[in-house]
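Here's the structure, in structure tokens; my notes come after.
Naming convention: chains lettered A, B, ... in sequence-line order (proteins, then strands); numbering from 1 in each chain. Predicted model, so just to flag it, every value in this text is computed and none were measured.
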Amino acid sequence: MAKILLRERLVPNIHILEVYSPDIARKCKPGQFVIIMPDEHGERIPLTIADWDRKKGSVTSVFMVVGTSTHKLSILKAGDEIPVFVGPLGRPSEIKKYGTVLCAGGCFGIAAIYPLARALKKAGNKVITVLDVKANYLLYWEDKLRAESDLLFISARDSFYDCKDYIPRTLKNIMKKESEIHRVHSIGCTYLMSTCSEATKPYGIKTIVSLNPIMVDGTGMCGACRVTVDGKTKFACVDGPDFDGHLVDWEELFSRRKSYFEDEIQSLCYWEKKEFP
Amino acid sequence: MTEKKEMAPELKEGLKAEFNKEWRKELRKSLPVKERTKLRRQKMPERKPEERNVDFDEVNLGLDARKAKKEAQRCLDCANPQCVLGCPVGIDIPTFIKLIEIGDFAQSIQKMKETNSLPAICGRVCPQETQCEELCNLKKATGTPVAIGNLERFIADYEMSQGDVYIPQIPPPTGYKVAIIGAGPAGLTVAGELAKKGHKVTIFEALHVAGGVLAYGIPEFRLPKKNLQAEVDYLKRLGVELKTNFIVGLTATLEDLRNDGFDAFFIGTGAGLPNFMRVPGENLIGIYSANEYLTRVNLMRAYDFPKYDTPVFLGKRAAVLGGGNVAMDSVRTAKRLGAELAAIVYRRSRIEMPARIEEVHHAEEEGIEFHFLTTPTKFIGDEKHQVKAMECLRMELGEPDSSGRRRPIPIEGSEFIMDVDMVVVAIGNSPNPLIPQTTPQLKVGKWGNVEVDWDTMATSIEGVYAGGDIIRGGATVILAMGDARIAAAEMDKYLNTKKSKLQGTKSKKRRAK
Ligand SMILES: Cc1cc2nc3c(=O)[nH]c(=O)nc-3n(C[C@H](O)[C@H](O)[C@H](O)COP(=O)(O)OP(=O)(O)OC[C@H]3O[C@@H](n4cnc5c(N)ncnc54)[C@H](O)[C@@H]3O)c2cc1C
Ligand SMILES: Cc1cc2nc3c(=O)[nH]c(=O)nc-3n(C[C@H](O)[C@H](O)[C@H](O)COP(=O)(O)OP(=O)(O)OC[C@H]3O[C@@H](n4cnc5c(N)ncnc54)[C@H](O)[C@@H]3O)c2cc1C
Ligand code: SF4
Ligand code: FES
């Protein structure tokens, strides 16, 4: 059992979860994730590690409330215990001195990209961060990310922030302005990652995405997380989750993520009826 | 692999000593061999096919005491019991059976546990027909061997029904810490053996439940979880600590554990990496590895969705590729989850199928279809990327290959289409790569299996031993357990020599003073 230290709503529909797990805190690196099961009847779901505190022995994730598991997580309180919190899973992101690196995050990816920006900055890169939100009241961790970035852009559809464009267009504008960008990292929903990859492709800038297929064990044992990259089948949990966005078969990923669409609705209705009769 | 067909001298001695005991002599006299060979094999009571193929309760019901005693009478108590040679761990089969015959069940289970720590499990899942029962002298005489597996199961279930499992006296703590990696049958066995020697044992398990394949793979209808739970509870009572949700290599490396003060290690991480067919369309929705399908159903209890949150696709026309136990478990699970067509698609013929014979019979009774000499070449999807059909090729059998089985050869132009909406790929698993990847000094073979010295189960790293599917590739529970017992004995020796070394340095220091 793992103990919850903090669970709070950051902005509507997005919550932060801090869990006591000294073993994972000791080992984790940017780009890795945990598998978490909210209760004994729950499903095992992956969440990216967004921060950690080695001294305190804590690991933090930020999640968006979508279905049953994330609804269950969203009502946890400090002191509660959950049956599964295992990791750190997946290969860490490659951190090197590349030159200028652009980090693009949206929804939960704003948090997920934070440790990456921090590590890239520490490795001596110029870090340009681009955050995407639907509306400005959905923005969180702006200061945290600003502290790790040389430049920070925010695109929000209703914005008094930098621009109203959806993130790929923002990327294009930056790529045109900046003399050279050596690498792009993109984390967020599948749509955001695929469109970012599309935007950078004509410029030939290597674009790393953190894929989010459905997973079960997260250790390479089941193959639920198979994705096609460069024509080859990969297990995202052990071969990834980072892959070259220009080589990913996005259509397949979109379809596989919808495998249980009707079941997910049924599951959530069942839970809501039980929880709020 | 070691294919020793000679009986070890100690084993021979032990068998002889029991064989010559007075009560055994008298029992042999009480019913002559000729009479014994006339007795009919007791049939294992089982639930009716049409009743059982809709739920997950156990198929076999187990012998009762009367039937068990009757079956035990069939055993001829041979002076040269061949069955023991067939058992990978060398159980004293005649003694445990004769103790059943005289009704001394408590002694019988004791005898059993001297060599087999998991009889409730082995009695259910061992391929007895190719092991002990294959070599049974009664089989040679009458064609029908003693039902050794059923008796093994009986005696284990009897002990469980009594409620008070015998806990051996544990010697004072030795002060040594042992790390067991993986809570499958191999790991559980080593843990029990070393705890009984007074070592402090911790099991690290990646999943949230102990048992390995016994927990996530083999379904409830063949191996009820309560049998597994009983074994795990027993280990806890022996003082074994179980750390679930801990992946060695990721949560901590083997080196980290060494630095944390562990003195010896056992790697029992199994063969958990699923193989796929590598034909077009394999990533369509509705195509599972057997591991994923069985894990969703068994471990995550998708059969009880939405009470449990994990969903599983309920195929109406399910094809399972493969011919082993894993394929049988998958296809019978699909049937239970409502498939109208639940079919095995296997590239060789019936006799080459590696599954236990009992499972094949049960599957047939439950309405499973078998398509032999058939292999898929392509999966075809609909507009939603959901599998809707599979293109197959017919095969014929050629010359025997290295495994001794006849090699399947495709018949050109024999393509045909089979309509399916779910496919489970059960064509085998490879050794789990996590530990080798994160333990650079560990020697591995060309299939990714950890290499060991087969006499001691020692790996290339001092103090690190391995056994079970991680060294063999997908094998059996009893082989995993056999490896584990050898490893445990060697690890105990290793720790004891370490102790003398330690004392040696201490005494040297003392002398230096
Ligand atoms: C490596 C990785 C890292 C991730 N990191 C984060 C994160 O930091 N924050 C965050 O909010 N989300 C993250 N996700 C996505 C997150 O796992 C899903 O949103 C979550 O599983 C949804 O569960 P649910 O029961 O609430 O919703 P459901 O009702 O089950 O599903 C809703 C949606 O989530 C997807 N989904 C369902 N089950 C899974 C599963 N087991 N694994 C992956 N996706 C699934 C489905 O495609 C569906 O679109 C990550 C996914 C992966 C693979
Ligand atoms: C569906 C199915 C049916 C079968 N039927 C039969 C049968 O009828 N009869 C028979 O004899 N055999 C059968 N087998 C084979 C048998 O189950 C295996 O040979 C046996 O379980 C091997 O035991 P093991 O302890 O080596 O490994 P496993 O049982 O595979 O256990 C390994 C354990 O290690 C854990 N692990 C892996 N990596 C790590 C890590 N890095 N850190 C921590 N933990 C880790 C895994 O999660 C797992 O729990 C079947 C197998 C399957 C899949
Ligand atoms: S353990 Fe397996 S091989 Fe040995 S006696 Fe029992 S059933 Fe036979
Ligand atoms: S989640 Fe099971 S193999 Fe990746």
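Heavy-atom pairs under 4.5 Å with chain A were tallied for B:E282, B:R296, B:R301, B:M300; the largest tally goes to B:R296. The most heavy-atom pairs under 4.5 Å with chain A, out of B:Q437, B:K384, B:K307, come from B:K307. With respect to chain A, the highest number of heavy-atom pairs below 4.5 Å among B:Y293, B:F246, B:F276 belongs to B:F276. When each of A:E40, A:E252, A:K258, A:Q32 is checked for heavy-atom pairs under 4.5 Å with chain B, A:E252 comes out on top. By number of non-hydrogen pairs under 4.5 angstrom with chain B, the leading residue of A:M221, A:E251, A:E43 is A:M221. Of the residues considered (A:C269, A:A2, A:G67, A:S267), A:S267 shows the highest number of contacts with chain B, using heavy-atom pairs under 4.5 Å. Of the residues considered (A:W271, A:F85, A:F235), A:F235 shows the highest number of contacts with chain B, using heavy-atom pairs under 4.5 Å. Between chain A and the options B:L207, B:L434, B:L299, the largest number of non-hydrogen pairs under 4.5 Å is found for B:L207.
Of the residues listed (A:R44, A:H41, A:K72), the one engaging B:D309 in a side-chain hydrogen bond (donor to acceptor under 3.5 Å, both in side chains) is A:K72, and it is the only one. When A:R9, A:R7, A:E8 are each tested for a side-chain hydrogen bond (donor to acceptor under 3.5 Å, both in side chains) with A:H15, only one passes: A:R7.
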Inset, instruction - Kindly indicate, with the supporting measurements, whether the criterion side chain to side chain contact (heavy atoms under 4.5 Å, CB included) is fulfilled by B:F305 and B:L314. - result: CA-CA 11 Å; B:F305 179 86; B:L314 304 177; over 6 Å; no
Legend entry - Worked verdict on A:I208 versus A:E94 for side chain to side chain contact (heavy atoms under 4.5 Å, CB included): CA-CA 10 Å; A:I208 305 297; A:E94 253 181 62; over 6 Å; no
Inset, instruction - In sequence, state the C-alpha distance, the side-chain angles, and the governing distance for A:N212 and A:I187, and then conclude on side chain to side chain contact (heavy atoms under 4.5 Å, CB included). - result: CA-CA 9 Å; A:N212 52 4; A:I187 311 185; over 6 Å; no
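Contacts between A:V216 and chain B at a heavy-atom distance below 4.5 Å involve the side chain alone, from C-beta outward. The part of A:T68 that comes within reach of chain B is its side chain, from C-beta onward, which places non-hydrogen atoms under 4.5 angstrom from that chain. In this structure, chain A has a heavy atom under 4.5 Å from the backbone of B:L284, while its side chain stays farther away. For a residue to count as touching a neighbouring chain, one of its non-hydrogen atoms must lie under 4.5 Å from one of that chain's; by this rule B:D256 touches chain A with the side chain only. Contact of A:I214 with chain B is made through the side chain alone, with heavy-atom distances under 4.5 Å. Of the atoms belonging to B:N275, not a single heavy atom falls under 4.5 Å from chain A. If you measure heavy-atom distances from A:P83 to chain B, the contacts under 4.5 Å come from the backbone alone.
For the residue pair A:T233/B:N283, the side-chain donor-acceptor check at 3.5 Å is satisfied. Remark: the A:T219 side chain and the A:D217 side chain contain an N/O donor-acceptor pair separated by less than 3.5 Å. A:D23 and B:T251 are not linked by any side-chain donor-acceptor pair at a separation below 3.5 angstrom, with hydrogens and angles left out of the test.
Residue pairs meeting the salt bridge (Lys or Arg N to Asp or Glu O under 4.0 Å) criterion with at least one member in residues 231-240 of chain A, sequence neighbours excluded, do not occur.
Aromatic ring centroids of B:F262 and B:F204 lie under 6.0 Å apart.
Proximity to chain A among residues 420-433 of chain B is not found for any residue, judged by heavy-atom separations below 4.5 angstrom.
Here the straight-line distance linking atom OH of B:Y303 with atom OG1 of B:T333 works out to 10.5 Å at 0.5 Å rounding.
Contact record, B:E241 with B:K200: CB-NZ, 4.0 Å, taken as the closest heavy-atom pair. Across A:M64 and A:F108, no two heavy atoms sit closer than the pair N-CB, 4.4 Å.
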